[in-house]
Novice: 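After the structure tokens below, expect a handful of questions from me.
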Amino acid sequence: MSAENCDAPLSVSLRNVLNSIQCIRDRVRDGESNESDGAFNLSNFWDTLNQAVKAVSQEATKLSLAFSRPPLPSVQDGEKLSESILKSVLTLSAVYYWLPKSQGLTLRRQVRDATVEVLEGVLQLLEVILSSPLHSLTQEQLTSTGGVWSACDQFPQLPK
């Protein structure tokens, strides 16, 4: 029995977040960052980006933990988890768009690719939760299939 069969309202909430994150990922992958660099502060950008990445990692951990053992989260808790992960993803994608073109094509591409990788990791985690039998999901299965943590760990390695 998958999450789809187990708790339809919870599944709908997670499916909606999955669809939203897919759209966000596609926009980041295909989009361009900021055109101008008016009062851009690179140090502030890196600090904010790293905070956003940590927030996504923390929210993914909460989501993983919530589904790694019975009982399933309530519909209300599931909606809160969904809102939190979506908010963290939106923040991360917004920060990517702060990086102006004047900072260089290579840097922008690296930040974009790293951001997309984090988003894809969150999507993998959500897909596992939605498609696997929940009674058999283990913490190890969730962490091994959710590449979000390894993607988040790569951000400090970007050239600054």
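Bear in mind the structure is a predicted one, so any value in this text is a computation, not a measurement.
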Novice: Looking only at heavy atoms, which two atoms of F45 and V95 are closest? And how far apart?
Specialist: CE1-O, 3.1 Å
Novice: Roughly how far, to the nearest 0.5 Å, is CD1 of I85 from CD of Q58?
Specialist: 10.5 Å
Novice: Out of curiosity, L49 CG to T91 OG1, how far, rounded to the nearest 0.5 Å?
Specialist: 11.5 Å
Novice: Compare every heavy atom of Y96 with every heavy atom of G31, then report the nearest pair and how far apart it is.
Specialist: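 Here G31 and Y96 meet closest at O-OH, 3.6 Å.
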Novice: Within a reach of under 6.0 Å around CZ of R29, are more than 12 heavy atoms found that belong to other residues, nucleotides or ligands?
Specialist: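 Correct, the count exceeds 12.
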Novice: Please tell me if the side chains of V128 and Q124 come closer than 4.5 Å, counting only heavy atoms from C-beta onward.
Specialist: no
Novice: Please report the shortest heavy-atom distance between P73 and A66, naming the atom on each side.
Specialist: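 Of all heavy-atom pairs spanning P73 and A66, the closest is CD-O, 3.6 Å.
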Novice: Would you say the side-chain atoms of S93 pair up with the backbone N or O of L90, donor to acceptor, closer than 3.5 Å?
Specialist: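 Here the side-chain-to-backbone pair exists.
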Novice: Could you state the interatomic distance from CG (L63) to CG (L14), rounded to the nearest 0.5 Å?
Specialist: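 Atom-to-atom, L63:CG and L14:CG are 6.5 Å apart.
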Novice: Would you say S64's side chain and A60's backbone share a donor-acceptor pair under 3.5 angstrom?
Specialist: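 Answer holds: no.
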Novice: If every non-hydrogen atom of S82 is compared with every non-hydrogen atom of S13, which pair is closest and at what distance?
Specialist: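 Where S82 meets S13 most closely, the heavy atoms are OG-OG, 2.9 Å.
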Novice: Starting at CZ of R112, measure out to CG of L105 and round the result to the nearest 0.5 Å.
Specialist: 8.0 Å
Novice: Closest heavy-atom contact between R25 and L123?
Specialist: NH1-CD1, 3.2 Å
Novice: Within the structure provided, determine whether W46 and V111 are in side-chain contact (heavy-atom separation under 4.5 Å).
Specialist: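 Result yes, sub-4.5 Å side-chain heavy-atom pair found.
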Novice: Please tell me if the side chains of E117 and D113 come closer than 4.5 Å, counting only heavy atoms from C-beta onward.
Specialist: no
Novice: Minimum heavy-atom separation for F40 to W98, with atom names?
Specialist: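 Residues F40 and W98, closest heavy atoms: CE1-O, 3.5 Å.
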Novice: State the CG-OG distance between L126 and S20, to the nearest 0.5 angstrom.
Specialist: 10.5 Å
Novice: Does the pair L86 and I24 meet the rule for a side chain to side chain contact (heavy atoms under 4.5 Å, CB included), with working shown?
Specialist: CA-CA 10 Å; L86 184 58; I24 293 165; 3.9 Å; yes
Novice: Roughly how far apart are L130 CG and L10 CG, rounded to 0.5 Å?
Specialist: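 It is 8.5 Å, given to the nearest 0.5 Å.
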Novice: Do NZ/NE/NH1/NH2 and the carboxylate oxygens of K80 and E83 come within less than 4.0 Å?
Specialist: no
